[in-house]
Amino acid sequence: MTEPLLAVRGVKSFYGPVMALKGVDLEVHEGEIVTLIGANGAGKSTLMMTIFGDPRAREGCIEYRGRDITRLPTHEIARQRIAQAPEGRRIFPRMTVRENLLMGAGIDGGMHFEEDLARICVLFPMLAKRLDQRGGTLSGGEQQMLSIGRALMSRPRLLLLDEPSLGLAPMIVKQIFAVIRELNRAGVTIFLVEQNAFHALKLANRAYVMVSGSITMTGTGQELLAKPEVRAAYLEGGRH
């Protein structure tokens, strides 16, 4: 197999004295959708944030395109064409949709802003109608679209998505997952953290299960969907 686009090797990170990640190993290869599932508090979002340098990995290393990025400042990591749509969306509520998207385009000084704005409006037609509306007045689904759109404005090669379906109505969840599939077909590699295991595993080329800060299982999305222990822990009653 070719060298991974993203490689996490033996990563441990802490919140104060508490070890949140206990030697995590995983890989994301160019062109894949890789999903990480696990219960609340398993450490999934901590891993996403550790990849971006906050908190900093205390042990192990994180490599992107063969380069060790473990110690890079967050803004330098973003310049490597890695983007994140974080858990909780974290849009700027007082800024308009257009201004939020402009913040995402800041990596290259907004050089391709109008071109990329047009692309986001095609991807998320609802946002096209709300460009001059404040982010805080959008619905939850629209805010999630804006969070993903803002990440895409930096033209990422690797997109980290943290709980994109959290708190959204089933119809909006289907729209979000359809967009993720479309982005991947267009060449964006995606690392997806998601509690909605059924949708996430259906979408994934490969997947990992995290329990209490450790990877406990890996396989293709279909292999994990078929495992009784995965179904019992994450899928019962979870089909939306």
Side-chain angles (χ1 to χ4, degrees), residues 4-16 18-29 32-64 69-70 74 77 82-90 140 144 147-148 151 156 158-168 173 176-177 180 184 189-221 223-225 227 229-236 238 240:
L5 185 65
L6 175 73
V8 177
R9 310 283 191 211
V11 163
K12 296 180 181 179
S13 66
F14 292 73
Y15 289 118
V18 178
M19 188 189 295
L21 299 177
K22 302 171 182 174
V24 171
D25 291 283
L26 59 77
E27 294 182 348
V28 179
H29 288 261
E32 285 189 311
I33 298 176
V34 173
T35 291
L36 177 65
I37 64 170
N40 254 337
K44 306 184 304 298
S45 293
T46 300
L47 176 59
M48 281 286 196
M49 293 187 292
T50 300
I51 290 168
F52 250 86
D54 184 21
R56 188 72 68 190
R58 199 176 293 181
E59 291 183 31
C61 72
I62 300 162
E63 294 180 354
Y64 178 69
I69 63 169
T70 318
T74 295
I77 293 171
I82 307 174
Q84 182 180 29
E87 183 183 12
R89 296 145 203 168
R90 299 188 198 172
Q144 186 60 67
S147 178
I148 296 172
L158 173 64
L159 178 61
L160 310 181
L161 295 174
D162 194 352
E163 303 286 8
S165 78
L166 191 64
L168 302 183
V173 170
I176 294 289
F177 276 93
I180 293 170
N184 182 247
T189 302
I190 292 170
F191 181 37
L192 170 66
V193 160
E194 182 55 63
Q195 277 191 34
N196 192 324
F198 180 70
H199 280 301
L201 292 176
K202 274 177 59 177
L203 196 65
N205 301 107
R206 292 186 307 106
Y208 294 86
V209 177
M210 180 174 274
V211 177
S212 301
S214 298
I215 300 295
T216 60
M217 206 178 301
T218 184
T220 68
E223 284 169 351
L224 293 192
L225 269 174
K227 283 185 180 288
E229 58 269 45
V230 172
R231 299 184 69 82
Y234 305 108
L235 298 177
E236 298 308 319
H240 298 297

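The basis for the numbers below is simple: all heavy atoms, side chains too, and nothing from hydrogens, waters or symmetry mates.
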Quick check: do [X] and [Y] have side-chain heavy atoms less than 4.5 Å from each other?
X: L168; Y: I176; answer: yes
X: Q195; Y: I37; answer: no
X: P156; Y: I82; answer: no
X: V193; Y: L161; answer: no
X: S214; Y: V24; answer: no
X: F191; Y: Q84; answer: no
X: V11; Y: I62; answer: yes
X: L201; Y: Y234; answer: no

Has [X] got a side-chain atom pairing as donor or acceptor with [Y]'s backbone, closer than 3.5 angstrom?
X: K44; Y: G38; result: yes
X: R58; Y: F14; result: no
X: T218; Y: Y208; result: no
X: K202; Y: G221; result: no

Full working for side chain to side chain contact (heavy atoms under 4.5 Å, CB included) between T189 and N184 = CA-CA 6 Å; T189 302; N184 182 247; 5.5 Å; no

When you look at L158 and L6, which way does the side chain to side chain contact (heavy atoms under 4.5 Å, CB included) test go after all the steps?
-> CA-CA 8 Å; L158 173 64; L6 175 73; 4.0 Å; yes

Could you go through the side chain to side chain contact (heavy atoms under 4.5 Å, CB included) check for S212 and K22 one step at a time?
-> CA-CA 8 Å; S212 301; K22 302 171 182 174; 4.1 Å; yes

Using 4.0 Å as the upper bound for N to carboxylate O, is an ion pair formed by E27 and R9?
-> yes

Please determine, by modelled atom types, if T35 and E194 share a side-chain donor-acceptor pair under 3.5 angstrom.
->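 Judged by distance alone, the side chains do not pair up.
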
Indicate whether any N or O donor in one side chain lies under 3.5 Å from an N or O acceptor in the other, for T74 and D54.
->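 Checked: T74/D54 side chains show no N/O donor-acceptor pair below 3.5 Å.
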
Quick one: CD1 on I33 to CG on L203, what's the gap to the nearest 0.5 Å?
-> 4.0 Å

Any chance you could lay out the side chain to side chain donor-acceptor pair (under 3.5 Å) test for S45 and E163, step after step, and finish with the verdict?
-> CA-CA 8 Å; S45 293; E163 303 286 8; 5.3 Å; no

Quick one: do I190 and E32 satisfy side chain to side chain contact (heavy atoms under 4.5 Å, CB included)? Show the steps, please.
-> CA-CA 6 Å; I190 292 170; E32 285 189 311; over 6 Å; no

